[in-house]
Amino acid sequence: MLILNSVVNGVLFGGVLALMAFGMNLMFGVVQIVHLAYGQFIMVGLYLVYVLAILYHVPLLLSCAAATAAVALLSILAYYLVVKPLLKAPPINQLLALAGVWMVLENACLALFGATYKGVQVVLPVLHVGELYIAASNLIGFVVGLITLAMLYLFLNKTYTGVAIRAIAQDPEITGIMGVNPRTVYLVTFAVGGALAGITAACFVPVYSVHPHFGGAFTLLAFIIVILGGMGNLLGGFIGAFIIGVVTSVSSTLLNPEIGQIIVLLICLLIIIIRPQGLLGVRGK
Amino acid sequence: MLKIEGLHAGYGGFEVLRDVSIEVGAGETVAVLGPNGAGKSTLLKVIAGLLKPSSGAIHFENRRIDGKAPYEIVEMGISLVPEGGRLFPELTVYSNLMMGSFNKRTRRYFKDSLEEVASLFPIIKQRKNQVAGLMSGGERQMVAIARALMSRPKLLMLDEPSSGLAPKIVASIFEFVKEIKDRGYSVLMVEQTVKKAVNVADHIYLLESGRVEFHGKKEDFLENPKIKRSYLGI
């Protein structure tokens with residue numbers, strides 16, 4: 001029962017992870033860029049919720065919505081200032097530039113908020129369903145994650161901009177002769193990716209307190225999920241997120257959270273060695 | 001309609017097109033023929049905006065288009081069917097066609113365009129939810145032509161429409177090209193399959209090592225003794 005319980009909570013947490021990884025995966029697939037500062041965007045989102053809700057007493061939901069919008073804007077800013085000038089530069093330059101964004105954001109938060117943990121003390125109940133104990137925070141994250149992903153699915157399949165985002169990930173040259181301006185698509189992708197980091201932050205509010213080095217672990221986690229599913233493969237990332245969610249949850253329950261982290265990294269290593277293209281990726285793509 | 005003058009283009013320092021001048025009149029079908037490596041595909045790439053020419057000028061409907069971005073050129077009414085079709089492999093046929101009508105000029109006519117294109121290629125309605133990457137080469141070529149027509153082009157460019165296809169399918173592709181021509185489109189195609197292409201064309205250009213070695217009406221092409229020997233095998 002203990003194991004079943006942690007599997008259920010792992011699956012629920014996987015919903016948020018799927019959302020988080022989706023943003024990084026989308027930016028990789030479309031712009032061919034590994035967003036090294038992605039976790040720091042989530043961190044900024046959490047700080048913003050803290051500032052609005054605790055320091056300015058804005059209602060929590062409104063704070064979350066505002067933080068999401070602000071992180072999306074920040075992502076657009078990062079696109080214009082850092083990514084766009086380097087679109088034709090070698091990948092290593094883009095990677096280093098985004099690492100720079102990471103440093104700037106971390107140290108800005110350190111300067112503004114100090115090194116201590118800041119958080120919104122939201123106390124959410126633990127629900128009893130039959131013999132299962134389900135954290136309401138996980139359930140909220142799961143529901144928000146799935147609703148957001150369902151909306152993204154419709155966006156990517158039914159709208160011109162959404163289909164162009166998928167098309168450009170498959171064949172950028174031909175997308176151009178369809179009448180698509182790639183820079184517009186990149187901009188929209190960064191806005192969407194930023195909004196996803198913001199929503200992820202909102203889902204994290206009842207789970208985590210934030211500190212200036214909060215982001216790195218989540219950049220890494222998102223990256224591991226993306227590798228697990230296959231870089232740029234959105235469905236693969238979705239499945240990968242649930243695997244990581246369950247593995248983390250079960251190993252934390254049976255052993256301890258540190259071992260859980262080690263197991264996640266081991267899975268990542270094994271995938272890189274045995275199946276470098278990821279679960280659903282295609283070799284040589 | 002399309003006027004190319006003194007075009008030079010290449011990759012890096014390597015010049016592929018040398019002083020190429022070509023004209024396509026409204027409603028005309030022009031075939032650019034020539035052996036592999038003559039620069040035929042490069043020519044279409046330059047017109048579509050995928051490659052910037054090093055010198056020369058391209059005018060379309062009296063507006064200069066060389067140096068413009070690909071998405072601006074589609075907007076003006078030029079559409080390219082790339083070699084092998086180059087459909088988006090993970091998108092459905094329907095989504096591929098949606099991409100065809102992406103440009104602002106024709107997006108609002110999506111439904112009308114779809115009906116029009118389906119009257120030519122019924123397959124796109126039967127298969128609209130199929131993922132393009134799983135279709136056969138001939139089917140992909142048809143959908144690729146359909147996708148290009150979705151942008152309601154004034155000039156349709158075809159890059160080796162017969163490439164990699166079985167002879168029987170090649171014949172049917174050229175039937176479609178004829179049908180498209182009869183519907184009033186201007187067509188510029190490059191081909192290696194000389195005989196089939198000559199049948200549908202009004203004007204022929206022969207490209208060898210990046211230079212135009214011959215241009216003229218279909219009849220003159222067929223009567224030229226040198227061409228007869230090297231290209232028609234008569």
Side-chain angles (χ1 to χ4, degrees), chain A residues 22 25-26 28-32 84 87-88 152-189 226 229-239 277-285, chain B residues 41 44-52 68-108 110 129 131-133 140 143-144 147-153 155-157 159:
Chain A
F22 200 96
N25 218 351
L26 196 64
F28 176 78
V30 173
V31 196
Q32 304 284 310
K84 196 176 167 197
L87 276 175
K88 296 205 167 137
L152 273 173
Y153 178 84
L154 290 178
F155 170 66
L156 291 174
N157 282 286
K158 301 288 175 203
T159 68
Y160 273 100
T161 311
V163 176
I165 285 178
R166 296 176 61 212
I168 209 165
Q170 293 168 40
D171 195 334
E173 191 179 54
I174 298 305
T175 311
I177 62 168
M178 298 290 115
V180 179
N181 180 351
R183 307 214 155 186
T184 313
V185 175
Y186 294 162
L187 180 64
V188 173
T189 305
V226 170
M231 305 272 294
N233 189 312
L234 299 175
L235 181 63
F238 184 73
I239 296 167
Q277 70 271 40
L279 293 176
L280 297 187
V282 181
R283 204 173 256 274
K285 221 182 97 179
Chain B
S41 294
L44 296 193
K45 275 189 176 171
V46 172
I47 301 171
L50 292 172
L51 183 70
K52 296 221 179 332
K68 285 196 188 297
Y71 62 90
E72 294 172 307
I73 289 172
V74 188
E75 210 74 63
M76 296 171 129
I78 299 181
S79 193
L80 168 68
V81 182
E83 185 172 359
R86 294 272 288 273
L87 293 176
F88 300 107
E90 291 164 33
L91 296 186
T92 60
V93 169
Y94 185 85
S95 295
N96 265 287
L97 296 173
M98 223 173 129
M99 287 309 297
S101 70
F102 185 93
N103 72 87
K104 294 184 197 77
R105 180 172 50 87
T106 55
R107 195 181 288 190
R108 59 202 146 122
F110 177 74
N129 292 320
V131 173
R140 281 207 297 268
V143 177
R147 180 179 68 178
L149 291 175
M150 288 299 288
S151 75
R152 299 184 161 240
L155 174 67
L156 180 72
M157 302 196 294
D159 190 354

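In what follows, every chain begins at residue 1, and chains take the letters A, B, ... in the order their sequences are listed.
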Worksheet item: Where on B:Arg105 is there a heavy atom nearer than 4.5 Å to chain A: the side chain, the backbone, both, or neither?
Response: neither
Practice prompt. With a 4.5 angstrom heavy-atom cut-off, could you sort out which part of B:Ser101 is near chain A: side chain, backbone, both or neither?
Written response: both
Worksheet item: Where on B:Pro82 is there a heavy atom nearer than 4.5 Å to chain A: the side chain, the backbone, both, or neither?
Response: side chain
Worksheet item: Heavy-atom distance under 4.5 Å between the side chains of A:Ile177 and B:Arg86, does that happen here?
Response: no
Discussion item. Using the side-chain contact (heavy atoms from CB on, under 4.5 Å) definition, which of the options B:Met98, B:Lys104, B:Met99 pairs with A:Tyr160?
Written reply: B:Met98
Worksheet item: Should B:Phe88 and A:Thr175 count as side-chain neighbours, where that means a heavy-atom distance under 4.5 Å?
Response: yes
Worksheet item: Which heavy atom of A:Thr161 sits nearest a heavy atom of B:Phe102, and at what distance?
Response: N-CE1, 4.4 Å
Worksheet item: chain B heavy atoms under 4.5 Å from A:Thr159: which part of the residue, side chain, backbone, both or neither?
Response: backbone
Item to complete: Over all heavy atoms of both residues, which pair between A:Pro182 and B:Tyr71 is shortest? Give the atoms and the distance, please.
Response: CD-CD2, 4.3 Å
Practice prompt. Using non-hydrogen atoms and a 4.5 Å limit, figure out which bit of B:Ser95 sits close to chain A: side chain, backbone, both or neither.
Written response: both
Worksheet item: Heavy-atom distance under 4.5 Å to chain A: side chain of B:Leu50, backbone, both or neither?
Response: side chain
Worksheet item: Is a side-chain N or O of B:Glu90 found less than 3.5 angstrom from the main chain of A:Gln170, in a donor-acceptor match?
Response: no
Fill in: Minimum-distance pair of heavy atoms, taken over all atoms of A:Gly179 and B:Asn103
CA-CB, 4.5 Å
Practice prompt. Starting at OH of B:Tyr94, measure out to CG of A:Asn157 and round the result to the nearest 0.5 Å.
Written response: 11.5 Å
